[in-house]
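Report on one structure; see the data block that follows.
Sequential numbering from 1 along the given sequence is applied to the chain's residues.
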Amino acid sequence: MNKKTRVILGMSGGVDSSVAALLLKEQGYEVIGIFMKNWDDTDEFGHCTAEEDAEDVRRVCDQLDIPFYTVNFEKQYYDKVFAYFLDEYTKGRTPNPDVMCNREIKFGELLQKVIDLGGDYIATGHYAQVKEQDGEYVLLRGNDSNKDQTYFLNALNQNQLSKAMFPIGHLPKPKVREIAEAAGLATAKKKDSTGICFIGERDFKEFLSGYLPAKPGNMVDIRNGEVKGRHDGLMYYTLGQRQGLGIGGSGSGEPWFVVDKNLETNELLVVQGEQFPGLYSNGLTATDVNWISRSKPEGPFACTAKFRYRQPDQGVVLTFAENGVCEVVFDQPQKAVTPGQSVVFYDGDVCLGGGVIDIVHK
């Protein structure tokens with residue numbers, strides 16, 4: 001009987017985790033809702049979106065008649081996720097804090113809280129699926145290919161997956177909304193949150209400048225060394241970026257793209273036209289590689305990979321080195337592969353794991 005199985009559900013105040021709570025309750029589990037406060041986002045007017053989200057969680061838990069707790073992980077989040085986030089930007093890279101948050105906070109700190117509360121499983125509103133197969137736990141894509149979130153869960157391990165439940169992973173997003181509305185849940189019409197969790201809807205440049213000193217410098221055409229304009233600070237730009245450069249309308253009239261950063265000279269290297277070979281790469285070196293299965297294949301190993309969220313899968317061949325390092329060779333040249341981001345490996349619907357893009361090979 002599910003009634004004897006205690007599931008601790010991480011709830012964000014959004015519709016996905018709300019429906020996850022409803023489905024678990026309907027399936028007869030003993031469900032406890034937990035809201036994690038990871039960041040103090042109170043603005044100058046004393047307004048805090050985390051408080052609003054926590055209130056939405058409380059309302060849904062009241063509707064479903066399940067217990068509700070709030071836990072404060074602000075220090076752990078700062079130490080394990082935000083410090084890493086700032087360090088990567090200092091190195092001129094573009095980090096992916098959501099992957100780190102899932103590994104260190106949701107399936108790290110919160111999982112420990114689940115154990116402390118006598119829970120059998122931790123559940124979240126992620127669009128992903130987990131199943132046991134041949135004595136191992138397999139992470140599968142969510143059925144809604146447009147919402148699949150396995151990209152952000154690539155750093156989980158067997159122990160974490162053995163305790164994980166993703167109650168809405170088999171559902172398309174419109175169905176989740178439909179279930180929420182039919183049940184009259186308080187969050188049924190709440191819009192999805194966007195952007196990096198601790199920044200929310202705020203201006204990214206303004207936020208980052210509060211923690212790292214911005215050093216404006218020259219925007220330089222990589223083809224001829226001509227100064228095309230000024231940048232606000234290298235940390236604000238990502239490889240392949242074409243929006244917000246402010247140098248359109250010159251030359252051939254084609255869009256300009258960020259092609260590289262020179263940390264020593266503080267120059268942002270740009271190029272006109274998306275066919276420039278320097279925008280493309282043939283492979284990468286990944287570090288901190290996590291293989292979800294207990295057994296890592298012998299290289300060379302062919303599979304598919306994503307270099308950013310929502311990207312269609314690309315064919316690659318992997319060769320494994322020591323200390324969590326992996327060489328990835330692309331079947332086809334790839335545009336704007338960005339150091340600091342995640343490379344995530346797949347075999348069909350199975351997420352095999354992933355790592356951090358360290359070096360890009362032209």
Side-chain angles (χ1 to χ4, degrees), residues 84-85 87-100 141 148-155 196 204 219-223 231 234-245 254-263 267-291 299-321 323-347 351-362:
Y84 160 82
F85 172 84
D87 185 53
E88 287 287 276
Y89 272 109
T90 303
K91 294 174 181 170
R93 290 155 53 118
T94 306
N96 198 319
D98 292 328
V99 173
M100 193 65 73
R141 299 184 209 249
D148 168 54
Q149 290 172 305
T150 51
Y151 180 86
F152 301 109
L153 297 167
N154 77 82
I196 297 169
F204 177 74
M219 245 182 241
V220 177
D221 187 337
I222 197 170
R223 292 182 197 264
H231 67 77
L234 295 179
M235 61 189 177
Y236 299 134
Y237 303 87
T238 59
L239 301 192
Q241 180 178 332
R242 59 174 283 188
Q243 304 293 336
L245 301 183
E254 292 177 278
W256 287 84
F257 294 88
V258 174
V259 69
D260 208 349
K261 302 175 184 183
N262 189 326
L263 291 176
E267 290 175 336
L268 188 71
L269 304 175
V270 296
V271 73
Q272 190 164 35
E274 61 181 314
Q275 298 310 316
F276 179 68
L279 276 172
Y280 294 81
S281 52
N282 295 306
L284 63 86
T285 300
T287 56
D288 200 19
V289 172
N290 173 62
W291 203 255
F301 175 75
C303 62
T304 64
K306 290 177 186 284
F307 315 107
R308 54 188 169 273
Y309 182 49
R310 294 193 188 284
Q311 179 191 26
D313 282 35
Q314 306 295 318
V316 296
V317 175
L318 312 182
T319 307
F320 299 97
N323 303 322
V325 175
C326 176
E327 297 297 334
V328 183
V329 177
F330 310 153
D331 291 0
Q332 304 287 334
Q334 296 295 317
K335 184 181 174 188
V337 176
T338 306
Q341 289 286 293
S342 295
V343 55
V344 182
F345 309 122
Y346 292 89
D347 177 8
C351 178
L352 300 170
V356 178
I357 298 169
D358 186 44
I359 303 168
V360 174
H361 305 297
K362 301 295 186 187

Next on the checklist: Rounded to the nearest 0.5 Å, what separates atom CZ in Arg308 from atom OH in Tyr151?
Outcome noted: 9.0 Å

Checklist entry - What do the steps show when you test Val337 against Phe330 for side-chain contact (heavy atoms from CB on, under 4.5 Å), and what is the final call? => result CA-CA 11 Å; Val337 176; Phe330 310 153; 4.1 Å; yes

Next on the checklist: If we count only N and O atoms by modelled type, under 3.5 Å, do the side chains of Thr94 and Tyr237 hold a donor and an acceptor together?
Outcome noted: no

Next on the checklist: Please confirm whether the ring centroid of Tyr89 lies under 6.0 Å from the ring centroid of Tyr236.
Outcome noted: no

Item to check | Cation-pi geometry met for Arg223 and Phe276 (6.0 Å, 45°) | outcome: no

Item to check | Test log, rule side chain to side chain donor-acceptor pair (under 3.5 Å), inputs Gln314 and Gln334 | outcome: CA-CA 9 Å; Gln314 306 295 318; Gln334 296 295 317; 3.0 Å; yes

Checklist entry - Between Leu318 and Val328, which heavy-atom pair has the shortest distance, and what is it? => result CD2-CG2, 3.7 Å

Next on the checklist: Quick one, Cys303 and Val316 - any side-chain contact, counting heavy atoms below 4.5 Å?
Outcome noted: yes

Next on the checklist: I need the minimum non-hydrogen distance between Tyr346 and Leu352, along with the two atoms involved.
Outcome noted: C-CD1, 3.7 Å

Next on the checklist: Looking at every non-hydrogen atom in both residues, tell me the closest pair between Leu284 and Val343 and how far apart they are.
Outcome noted: CD1-CG1, 4.1 Å

Checklist entry - Side chain of Asn290, backbone of Asn154: donor and acceptor closer than 3.5 Å? => result yes

Checklist entry - Which atom names give the shortest non-hydrogen contact between Ala336 and Gly240, and what distance separates them? => result CB-CA, 3.6 Å

Checklist entry - Would you say the side chain of Tyr84 lies within less than 4.5 Å of the side chain of Pro95, judging by non-hydrogen atoms? => result yes

Item to check | side-chain contact (heavy atoms from CB on, under 4.5 Å) between His361 and Asn282, intermediate numbers included | outcome: CA-CA 6 Å; His361 305 297; Asn282 295 306; 5.7 Å; no

Item to check | Side chain proximity check, Leu279 to Val271, heavy atoms < 4.5 angstrom | outcome: yes

Item to check | Validation row: Thr319, Phe301 side chains within 4.5 angstrom (heavy atoms) | outcome: no

Checklist entry - Could you go step by step and tell me if Gln341 and Phe307 meet the side-chain contact (heavy atoms from CB on, under 4.5 Å) rule? => result CA-CA 7 Å; Gln341 289 286 293; Phe307 315 107; over 6 Å; no

Checklist entry - To the nearest 0.5 Å, what is the distance between CG (Leu245) and CH2 (Trp256)? => result 10.0 Å

Item to check | Polar side-chain atom of Lys306 near backbone of Gln311 as donor-acceptor pair, under 3.5 Å | outcome: yes

Checklist entry - Just wondering, do Leu239 and Pro339 contact through their side chains at under 4.5 Å, heavy atoms? => result yes

Checklist outcome for this item: To the nearest 0.5 Å, atom OG1 of Thr287 lies from atom CG of Asn323 at 11.0 Å

Next on the checklist: Are Phe257 and Gln241 packed together at the side-chain level, in the sense that at least one heavy-atom pair is separated by less than 4.5 angstrom?
Outcome noted: no

Item to check | Test side-chain contact (heavy atoms from CB on, under 4.5 Å) applied to Glu274 and Glu254, step by step | outcome: CA-CA 8 Å; Glu274 61 181 314; Glu254 292 177 278; over 6 Å; no

Checklist entry - Atom CG in Asp260, atom CG in Leu269: separation rounded to 0.5 Å? => result 5.5 Å

Item to check | Cationic N near anionic O, under 4.0 Å, Asp358 to Arg93 | outcome: yes

Item to check | Interatomic distance, Leu234 atom CG to Leu268 atom CG [nearest 0.5 angstrom] | outcome: 6.0 Å

Checklist entry - Given the rule in the side chain to side chain donor-acceptor pair (under 3.5 Å) test, do Tyr309 and Ser342 qualify, once you have shown the distances and angles that lead to the verdict? => result CA-CA 9 Å; Tyr309 182 49; Ser342 295; over 6 Å; no

Checklist entry - Counting N and O atoms only, with roles assigned by atom type, does the side chain of Lys362 sit under 3.5 Å from a partner on the main chain of Ser281, one being a donor and the other an acceptor? => result no

Next on the checklist: For the SG atom of Cys351 and the CZ atom of Phe345, what is their distance to the nearest 0.5 Å?
Outcome noted: 9.5 Å

